[in-house]
Participant: 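Sharing a structure here in structure tokens format.
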Amino acid sequence: MAFAPPVLEIRGLHKAYGQLEVLKGVDLTARQGQVISLIGSSGSGKSTLLRCANLLEDSQQGDILFCEEAVHWRGAGHNRRPADAAQITRIRTNLSMVFQSFNLWSHMTILQNVMEAPVQVLRRDPKEVEAKARDYLEKVGIGDKANAWPAELSGGQQQRAAIARALCMEPKALLFDEPTSALDPELEQEVIRVIKALAQEGRTMVIVTHDMNLARDVSDHVIFLHQGLIEEEGAPDALFGSPKSERLRGFLSATSH
Ligand SMILES: Nc1ncnc2c1ncn2[C@@H]1O[C@H](COP(=O)(O)OP(=O)(O)OP(=O)(O)O)[C@@H](O)[C@H]1O
Ligand SMILES: [Mg+2]
């Protein structure tokens, strides 16, 4: 695993919103087949890091590499922007994001939601995309909901539809931002089962989560962010079993109740 090629590398990333420094030099490497979990208190910069990784947010300093290809920038500091539009599209479409709030389009059926980006953005053949979309809906356990509207689904079903939509892009990695935290506990489990199955089949994933059991069960590597810096990182057994940092110990004891 340590020698699998890297899909996503972030080196020394700095991000500020105006005067507010949110990321202060963060590194992350997700190799092919690896599952990385990001944990940390509210406001520590977890969502910001994911959003910078797929270029939804600008960053001011540091490198982002996708499949060993460095993002080209123009300008510097607060004026730094990705320079190459084709590269932005390539990276965004290959790092599919799943959000806490699902973000399904309410005016489209579930099947249309899953097909939309592969057909409209990647210009794939609609017939082939439809067959794949139906397969992915089956895979996440909602094959029977293809023609339903998002509002007709439970939260857990909507989130599984959002995962099918991300998978239908056939991305190199999936980025999850708190995929279960908007769900009731019993619905959470059906989404966790899907995420675990994806980990089992060797998908590359970066998961921001408040669910320490999920982080412990699925991750190869866990990163604890504190105020925009990596306070501690390592294998889940080490990190959860014998945390070294006082802050991580405090965080874990606060989240275990
Ligand atoms: N668009 C924005 N404009 C200004 N400040 C922002 C913006 N987005 C996030 N922030 C600030 O950046 C910091 C990090 O936010 P971020 O959303 O990355 O935290 P997080 O670790 O994901 O927290 P949570 O666990 O609550 O989701 C916070 O102080 C937040 O207020
Ligand atoms: Mg967040």
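As the structure is a computational prediction, the values presented were derived from the model and not from experiment. Whatever order the structure lists them in is the order used to number ligands and atoms, beginning at 1.
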Participant: Any N/O/S atom from Thr48 (main chain or side chain) under 2.8 Å of the Mg ion (ligand 2)?
Facilitator: no

Participant: Report yes or no: do Asn147 and Thr109 form a side-chain donor-acceptor pair below 3.5 Å?
Facilitator: no

Participant: Heavy-atom contacts with ligand 1 below 4.0 Å: which residues, ordered by chain and residue number?
Facilitator: Tyr17, Leu20, Val22, Ser41, Ser42, Gly43, Ser44, Gly45, Lys46, Ser47, Thr48, Glu178, His210

Participant: Is there a path of hydrophobic side-chain contacts, each under 4.5 Å between heavy atoms, that joins Leu187 and Val98?
Facilitator: yes

Participant: For Asp211 and Thr209, does a side-chain donor sit closer than 3.5 Å to a side-chain acceptor?
Facilitator: no

Participant: Quick one: do Glu232 and Arg247 make a salt bridge, cutoff under 4.0 Å?
Facilitator: no

Participant: Do the side chains of Arg249 and Glu246 get close enough for a salt bridge, i.e. N-O under 4.0 angstrom?
Facilitator: yes

Participant: Is the closest basic N to carboxylate O distance between Arg134 and Glu130 below 4.0 Å?
Facilitator: yes

